[in-house]
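Scroll down for the structure; my scribbles are underneath it.
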Amino acid sequence: MSMEQKQDEERDAGAQNEYRPSQRLWSMIVIKAEDKVFRVYSDLLSRQSSIFRDMLAMPQSDQVEKIDGHPYVEVQDSASDMEMFLNALCIPNYYDEAITLWRSPFKKVPEPSHDDGRQGVRDWETEHVSYPAFLSAVVRLSIKYDVPVLRRRAVRHLTSIWPTELEGWKLEHTDSRRETGSYIFKIARECDLRALLPSALYIHCDINDNADLPSPISEDPADITRCAFGRQRIMGRWRRLVYETISEECSSYSRTSCKQARLAWLTGNSLPRLLFDGSEAWHDYLSVPTGEWLRDVGQLCSDCQAALRQRVDQTKKRVWSDLPVFFHLPSWNVLLEEFNAHVQG
């Protein structure tokens, strides 16, 4: 060995002694999904996922196969699902920005400029990724790999769209429900989140004469049958409300005028009229403000108006309470016990 080579080795050895590798931000692992590989910090994965932590805790021989000098784990998930999941897991603010940007199906995520200050969402090469696909991947894989923080966040976001309580059923989420309609059944059944099914089946009750649905539905034909029978029971509840209203006897001095006002209300207000126009049309009465039922009441006395308001509110609560039964599902108590294990776990 020449003197010059010896000096180079000594210089390199000295340089190596000038730094110490970080215990937490040094070791990396490669995850392979289909033909795509992802290199991430081992400690980051093990701290957030018990499944990856157990994988990484397994002793590895020196003969283990490596990719680019790092050990790798091959998973059976699709590359696109794994990429969306890892981005949400590893990149700060990625989940929030993705949910904000991907609010319509197959909307391309814009590539951030160098000077806009955003560090979260990255471009997806030439792929077009949809908002429901992203949400589906994050929910399924955060449950599969036991990532509690991300799992709770994604599941709560799902319940804002497909609520488990009547108070969460609002018209402003209609577009999100249409977008995620083709995914919600798969997510609910694969991930034991069946508490999302009653509201999912409810929004898909809008069946036309050909038994087609206005937006994608479950691949299970039994779900279409559930919708067909469930909608009849639901609309029957609302028809009962109208029957009870027009047949109610007023105990006040304005009994005659109230009877006439009820008949005028039946023909003048579109809500009860739709129930008896012979078309068997579906209408989402749960989303209708109670005050809409009190339009065109004419000379209906205050006591009868109060009774109508109370009857509408009670019908909403009863319809929601019985939604699982209408669709041949377990009761809300059973569904929510199963559901809360994921939200609170």
Side-chain angles (χ1 to χ4, degrees), residues 31 33-34 36 38 48-49 51-52 75-91 93-109 120-164 168 173-204 213-220 223-224 329 335 338-343 345:
I31 298 175
E34 296 179 326
K36 201 164 192 176
F38 310 90
Q48 299 193 65
S49 164
I51 304 300
F52 282 115
V75 296
Q76 301 305 309
D77 310 288
S78 71
S80 60
D81 278 359
M82 182 55 64
E83 184 159 9
M84 288 184 278
F85 168 67
L86 289 176
N87 278 346
L89 181 65
C90 301
I91 300 177
N93 302 322
Y94 191 95
Y95 180 90
D96 290 335
E97 294 186 25
I99 291 298
T100 300
L101 289 171
W102 290 328
R103 297 304 304 215
S104 61
F106 303 101
K107 180 178 182 180
K108 182 71 164 55
V109 177
V121 175
R122 303 295 192 266
D123 65 300
W124 280 80
E125 300 173 348
T126 58
E127 296 175 323
H128 287 250
V129 181
S130 71
Y131 154 64
F134 168 75
L135 191 56
S136 173
V138 171
V139 171
R140 287 184 289 104
L141 296 195
S142 64
I143 290 175
K144 177 179 179 179
Y145 293 106
D146 188 26
V147 184
V149 174
L150 190 58
R151 180 187 68 226
R152 287 193 292 266
R153 196 173 191 183
V155 169
R156 286 183 179 130
H157 182 78
L158 268 181
T159 55
S160 71
I161 303 172
W162 304 98
T164 58
H173 291 298
T174 299
D175 289 342
S176 294
R177 289 170 188 146
R178 297 299 189 194
E179 292 170 16
T180 56
S182 61
Y183 289 81
I184 191 61
F185 293 92
K186 180 179 181 181
I187 295 173
R189 291 192 169 105
E190 285 188 0
C191 302
D192 291 330
L193 298 175
R194 293 186 299 164
L196 304 175
L197 287 175
S199 58
L201 289 164
Y202 177 81
I203 199 64
H204 286 93
L213 295 164
S215 59
I217 193 172
S218 165
E219 297 177 357
D220 184 355
D223 285 330
I224 296 181
L329 295 170
L335 295 176
E338 176 183 276
F339 178 83
N340 289 332
H342 288 302
V343 177

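Bear in mind the structure is a predicted one, so any value in this text is a computation, not a measurement.
Scanning all heavy atoms of the two residues, the minimum distance from Ala195 to Pro198 falls at O-CD, 3.4 Å. Residues Ala133 and Tyr183 share a closest heavy-atom pair of CB-OH, 3.5 Å. In this structure, Ala79 and Lys36 approach most closely via the heavy-atom pair CB-CB, 3.8 Å. In terms of heavy-atom proximity, Ala33 sits nearest to Phe38 at CB-CE1, 4.2 Å. The minimum heavy-atom distance between Ser199 and Pro163, with the atom names listed, is OG-O, 3.4 Å.
A 4.5 Å side-chain heavy-atom check between Leu193 and Val139 finds at least one atom pair inside the cut-off. A heavy-atom distance below 4.5 Å is found between the side chains of Phe185 and Asp223. With contacts defined as side-chain heavy-atom distances shorter than 4.5 Å, the pair Phe134/Asn87 does not qualify. Side-chain contact between Asp81 and Arg140: present, with at least one pair of heavy atoms (C-beta onward) separated by less than 4.5 Å. Residues Tyr145 and Leu89 are not in side-chain contact: their nearest non-hydrogen atoms beyond the backbone lie 4.5 Å or more apart.
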Just do the salt bridge (charged side-chain N to carboxylate O under 4.0 Å, His left out) check on Lys144 and Asp77 with the steps written out, would you? CA-CA 10 Å; Lys144 177 179 179 179; Asp77 310 288; 2.7 Å; yes

One pair to check against side-chain contact (heavy atoms from CB on, under 4.5 Å): Arg194 and Glu338. What are the steps and the verdict? CA-CA 8 Å; Arg194 293 186 299 164; Glu338 176 183 276; 3.1 Å; yes

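Residues that satisfy the side-chain contact (heavy atoms from CB on, under 4.5 Å) test with Asp146, not counting sequence neighbours, are Ser50, Ile51, Pro148, Arg151.
Rounding to the nearest 0.5 angstrom, the gap separating the CD1 atom in Ile143 from the CG atom in Asp192 is 8.0 Å. For the atom pair Leu196 CG and Leu158 CG, the distance stands at 6.0 Å (nearest 0.5 Å). Taken from SG in Cys90 to CG in Leu150, the straight-line distance is 10.0 Å, to the nearest 0.5 Å. In this structure, Ser142 OG and Gln48 CD are separated by 11.0 Å, a value rounded to the nearest 0.5 Å. The CG atom of Leu197 sits 12.0 Å away from the OG1 atom of Thr164 when rounded to the nearest 0.5 Å. Between the CG atom in Leu201 and the CD1 atom in Ile224 there is a gap of 11.0 Å [rounded to 0.5 Å].
Relative ring orientation between His204 and Trp162 is described as parallel, the plane-to-plane angle staying below 30° on a 0-90° scale split at 30° and 60°.
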